[in-house]
Amino acid sequence: MAVSPQTEVTPVRFGVVVFPGSNCDADSYDAVRSFAGVDARYLWHKDTELEGLDCIILPGGFSYGDYLRCGAIARFSPIMKGVRRFADDGGLVIGICNGFQILLEAGMLPGAMHQNEGLKFVCKQVNLRVENNETPFTADYERGQVIGVPIAHHEGNYFIDETGLAELEANGQVVVRYCDEEGETTPASNPNGSLGNIAGVCNREGNVFGLMPHPERVCDEIVGGTDGRAVFESIISAVAGKAAAS
Amino acid sequence: MKAKVYITPKAGILDPQGLTIERSLPALGFEGVSNVRVGKYIELELPDGEAAGAAVDEMCHKLLANPIIEDFEFELVPG
Amino acid sequence: MKAKVYITPKAGILDPQGLTIERSLPALGFEGVSNVRVGKYIELELPDGEAAGAAVDEMCHKLLANPIIEDFEFELVPG
Amino acid sequence: MSATGQKPAYELLGLKEKEYRGICDAMGREPNYTELAVFSLMWSEHCGYKHSRPLLKNLPTEGERILQGPGENAGIIDIGDGLAIAMKIESHNHPSAIEPFQGAATGIGGIVRDIFAMGARPIANLDPLHFGSLEKPRQKYLLEGVVEGIAAYGNCMGIPTIAGEIHFEDAYEGNCLINVMCVGLVEQDKILRAKAEGPGNLVLLFGSTTGRDGIGGASILASAEFDETAQEKRPTVQVGDPFTEKKLLEACLEMRDKGLLVALQDLGAAGLSSSSSEMASKGGVGIDMDISRVPLREQGMEPFEIMISESQERMLAVVTPELKDEALAVCEKWDLDAVIIGKVTDTKRLRVFLGEEMVADMPVDALVDDAPTYIVEAVRPAHEVDEPLAEDHYRLPSDLNETLTTLLRSPNICDKRWVYEQYDHMVQTNNALWPGGEAAVLRIKGRRSGVALTTDGNGRRCYLDPRRGARAAVAEAARNLSCTGAKPLAVTNCLNFGNPEKGEIYHQFKEAVEGMAEACEAFETPVTGGNVSFYNESFGQAIYPNPVVGMMGLVEDVSLIGTTAFQDEGDTVLLLGNARAAIDGSEYQLRIDGEVAGRIPDVDLEMEKKLQLLVREAILEGLVKSAHDVSDGGLACCLAESAIAGGRGAVIELGTDQRPDLLLFGEAPGLIVVTVAKNDLEHFAQLALDLPVSVIGRVEGDRLVIRAGGADQVNLPVEQAAQAWGAALEALVHG
Ligand SMILES: Nc1ncnc2c1ncn2[C@@H]1O[C@H](COP(=O)(O)OP(=O)(O)O)[C@@H](O)[C@H]1O
Ligand SMILES: [Mg+2]
């Protein structure tokens with residue numbers, strides 16, 4: 001793996017939030033640590049000091065058991081105030097699966113989740129089309145690139161009202177969509193009924209990103225693929241780039 | 001007519017959802033809330049008629065509620 | 001006192017659970033049922049007082065319902 | 001002593017008069033009601049192993065890699081590098097039959113607690129399931145509920161459910177089998193045990209609150225047949241709370257890492273009664289508990305109710321007085337109720353207090369060890385015969401293409417994707433082999449090695465010959481592991497049988513246990529623990545005797561594992577083994593002729609071992625392009641599955657010493673199909689020495705063609721086979 005000189009000097013610092021019930025915290029932690037020039041630490045949901053971080057990951061899992069609604073209780077965790085402030089200051093925040101649901105409930109990303117159309121939990125590999133590669137989370141992908149990333153959720157059926165959808169589309173906030181192998185966003189390639197096959201969105205500023213699929217699960221060939229690596233590579237380059245520019 | 005169905009966890013049966021909500025409320029500034037129980041509320045429309053009550057009752061038994069761990073009640077309202 | 005909270009999917013918004021129930025009813029012998037909507041029914045106890053109504057309203061807004069996809073109503077009953 | 005109606009209290013609690021007298025002897029007086037309730041559960045079949053203990057002694061349990069055999073919450077196996085695997089399997093048959101979702105969910109909860117009670121982090125769940133025919137609506141309901149329950153609990157816990165099996169046969173219609181296995185990883189110096197030690201140490205109860213749910217649940221349900229009164233037992237259904245269990249898991253592992261625990265034990269069947277007495281028994285100590293401190297969920301609970309409640313998600317630990325506060329702090333961090341409820345004594349008695357008042361005082365050894373055991377006179381049932389069916393017993397079907405399609409659509413053979421896609425089978429990111437193959441393989445992060453896991457049960461064959469069937473189940477599990485390249489190391493087993501008080505059932509149990517013992521000896525895979533589930537009957541009709549084998553193997557190098565998929569055009573297809581396939585007990589017999597009859601072939605354990613070693617060595621040398629054992633549906637289904645998995649056809653030419661349908665669909669343990677690149681054929685032959693290996697064809701095109709006797713017996717586009725195999729289960733469930 002090529003390591004650029006800057007990243008060796010100042011490591012890119014990731015924080016992985018642990019809510020009670022998070023269960024992809026270790027997977028995310030392991031995934032980012034497989035990159036050179038990275039520091040990673042866990043953040044307890046009661047932490048309020050978030051100093052010295054470049055990117056915060058809200059990992060997958062079942063925070064608070066996903067009781068009531070996914071993410072509904074976690075968003076009140078003490079750490080979320082800090083995460084919001086961090087994002088307001090331009091820090092990078094990525095919510096994966098349950099992390100995405102928490103960002104929605106917290107209002108840090110627009111929209112809401114319904115149960116999957118099939119009413120069942122679905123765990124399988126799906127194809128995603130990268131719609132916007134100008135975010136700090138996707139810059140290392142080609143626009144329109146089709147990547148294989150797994151999903152594992154019960155409530156990933158993304159919903160937003162018409163006006164909201166129009167805004168998302170107009171601002172390029174739809175970052176990834178479910179598609180078939182050819183990149184077509186067909187109903188058959190939509191695993192959960194999401195509006196417009198939406199799999200992940202970012203905020204207007206582009207520094208908060210949420211997606212249902214799990215890029216951290218495809219960062220190693222031995223477990224089925226590496227198509228998720230570019231998400232973390234993008235983050236690392238974005239942070240390193242920013243550091244170099246300042 | 002319209003049926004409104006209320007489904008609640010049977011008394012004595014653990015309700016993890018209710019418990020978790022109850023425990024999280026103080027952190028949101030709501031003190032003193034207890035006995036939170038989470039159930040389902042289902043609305044449906046069905047043809048008017050004598051048999052409507054019996055039909056809803058049967059639906060609850062067979063499909064809407066799980067009588068092993070849940071109780072249900074319903075009311076019929078015109079409309 | 002006791003609060004009974006009814007949470008329903010917002011009108012016009014997809015309700016996958018309701019839809020599935022509606023589709024499966026005919027096979028169980030229930031014809032003509034429509035507009036099945038599945039929501040939540042939450043019971044809780046809280047201290048008596050003037051402010052109870054406002055507190056429940058706030059709980060619903062903040063936590064119990066998601067205003068983007070859900071409506072809520074509640075009633076307070078003594079006990 | 002209170003007696004309701006005419007019957008004495010002990011009888012209402014399921015004890016026989018003789019057993020009651022035994023309790024009085026052990027106590028030196030008549031027990032009060034609390035004591036009697038505790039005894040009745042500790043001496044139930046479920047906790048006391050009354051009908052199985054003498055026979056289970058036959059199982060081999062020791063080996064150089066076995067760090068912990070039966071007797072603890074789970075077995076532990078040394079996998080080198082200072083690491084170990086904890087594993088255990090359990091049944092939740094009866095609770096799941098009553099409430100499939102919660103029954104299966106709490107089954108997962110229970111087995112997972114067993115694993116982290118050993119200090120291990122759970123890394124995988126497996127779920128061997130058996131239902132009645134999917135043509136019955138109730139069976140669909142059970143299947144859907146059970147799968148959703150396993151999914152809900154396992155997914156929430158973040159433990160991947162990575163393998164299992166699923167069978168549908170009429171024999172399970174009134175009594176489904178829901179077995180669940182959990183596997184954990186632990187550093188050897190962090191293993192915990194349930195041995196209470198050090199009088200003066202404190203007993204800590206933590207996790208959920210205690211309610212009336214599940215009073216007498218698992219143990220009562222699992223200790224009697226199902227009948228009309230099952231309805232009345234319903235209030236005992238327990239509801240699982242995976243979120244609390246996840247916190248419990250993390251809290252336990254945090255306490256382990258901080259060295260805060262003297263001993264740890266989960267509360268399972270018989271709740272506080274069994275957990276406290278078993279911990280005391282292991283340490284040769286006593287325990288005093290004040291149950292007025294137990295956090296209750298319901299008001300007005302009687303002492304006996306608190307003692308036997310089976311509320312889920314609770315653990316009991318022994319901590320030193322010095323470290324108690326630190327332990328409590330960890331519980332508080334994870335938002336778990338936690339109280340010191342008692343202390344370790346040197347009395348060897350379990351004494352229960354309600355505040356100051358002593359409400360029970362029982363000798364620990366009598367509770368734990370002195371449940372009476374029963375030996376029943378075995379009777380061989382009439383359907384067990386000595387001779388197999390004649391090879392021409394059934395008519396030869398006219399179109400074997402169609403027969404193959406029918407078999408591929410059988411719910412016992414078809415794709416199980418509909419099930420495993422409901423499970424998060426990828427969380428923890430260790431899957432070196434995804435579900436759908438021969439066995440699951442997990443890498444171990446930071447090492448080259450990995451573990452392979454599988455479960456195998458074959459009730460139908462055990463019904464025809466329980467000894468041979470059990471031997472075959474062990475052999476198949478080992479074969480599945482070997483086909484991935486893993487060396488089988490150890491077994492955990494779940495013995496599902498009918499009412500052992502009946503001679504015929506006892507016979508099945510005895511034969512199966514002995515058969516399993518023979519095979520485990522041969523493969524050097526000791527039994528590290530397991531579970532016995534009796535009384536799997538409904539209205540007097542027993543299930544097929546079904547000893548389910550859970551087996552673990554070690555993969556030396558996870559980058560070199562075998563898969564079932566055909567790889568490249570031109571690869572040579574080899575059949576290893578010379579077992580003669582038979583129709584007796586086969587899926588073919590069941591689907592086409594609607595019968596289960598005859599006598600199944602026995603496994604040649606010595607030959608089997610050699611063949612498996614060959615496959616493993618060849619995989620390690622990189623010679624094997626695919627490996628798949630011949631099991632349900634015979635050679636033709638085996639070939640079809642490899643073709644479907646690889647999206648490639650094959651042309652196969654078989655000998656003619658048997659009727660073509662038997663060659664294609666007959667079953668016998670001891671056959672493996674491997675493919676090898678042409679260039680490696682010679683190298684493979686050198687490894688094989690004089691073992692029976694025959695070239696039967698090559699990977700070619702996009703059709704599966706099987707010739708025998710000069711004619712195409714099967715000629716089917718792989719695409720069409722894939723369609724039949726892939727769509728069957730969902731169609732059956734939703735059809
Ligand atoms: N209940 C289940 N849960 C998870 N995986 C299952 C289940 N049933 C079957 N599978 C998986 O499907 C695959 C094929 O199952 P099966 O036909 O029973 O295999 P085999 O014949 O090798 O025992 C295996 O990978 C198995 O682990
Ligand atoms: Mg197999």
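Throughout, protein chains are lettered first and strands after them, A, B, ... in sequence-line order, and every chain is numbered starting at 1.
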Trainee: Below 4.5 Å, heavy atoms only, C-beta onward: do Ile42(C) and Arg37(B) meet side chain to side chain?
Mentor: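 No, every pair of side-chain atoms sits at 4.5 Å or beyond.
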Trainee: Under a 4.5 Å heavy-atom cut-off, does chain C meet the side chain of Glu58(B), its backbone, both or neither?
Mentor: both
Trainee: Pick whichever of Leu46(B), Val38(B), Asn35(B) has the most heavy-atom pairs under 4.5 Å with chain C.
Mentor: Asn35(B)
Trainee: For the residue pair Met59(B) and Leu25(C), establish whether any side-chain heavy-atom pair is separated by less than 4.5 Å.
Mentor: yes
Trainee: So do the side chains of Val33(B) and Glu45(C) get within less than 4.5 Å of each other, counting heavy atoms only?
Mentor: no
Trainee: Looking only at non-hydrogen atoms, find the nearest pair between Pro47(B) and Gly32(C) and report the distance.
Mentor: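 Smallest heavy-atom distance, with atoms named: CD-O, 3.5 Å.
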Trainee: Check each atom of Leu28(C) against the heavy atoms of chain B and say whether the ones under 4.5 Å are side chain, backbone, both or neither.
Mentor: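 Leu28(C) touches chain B through backbone and side-chain heavy atoms alike.
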Trainee: Which atoms of Ile7(B) come close to chain C, meaning under 4.5 Å heavy atom to heavy atom: side chain ones, backbone ones, both, or neither?
Mentor: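 Contact with chain C involves the backbone of Ile7(B) alone.
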Trainee: Find out whether Ser24(C) and Leu63(B) are in side-chain contact, i.e. whether some heavy atom of one side chain is under 4.5 Å from a heavy atom of the other.
Mentor: yes
Trainee: Does some side-chain heavy atom of Ile21(C) sit less than 4.5 Å from a side-chain heavy atom of Leu44(B)?
Mentor: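 A side-chain contact is absent here, since even the closest heavy-atom pair is not under 4.5 Å.
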Trainee: With a 4.5 angstrom heavy-atom cut-off, is it the side chain or the backbone of Lys40(B) that approaches chain C, or both, or neither?
Mentor: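 Contact with chain C: backbone and side chain both.
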Trainee: To the nearest 0.5 Å, what is the distance between NZ on Lys4(B) and OG1 on Thr8(C)?
Mentor: 9.5 Å
Trainee: From Tyr41(B) OH over to Glu73(C) CD, what is the distance, rounded to the nearest 0.5 angstrom?
Mentor: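 Going from OH on Tyr41(B) over to CD on Glu73(C), the span is 7.0 Å.
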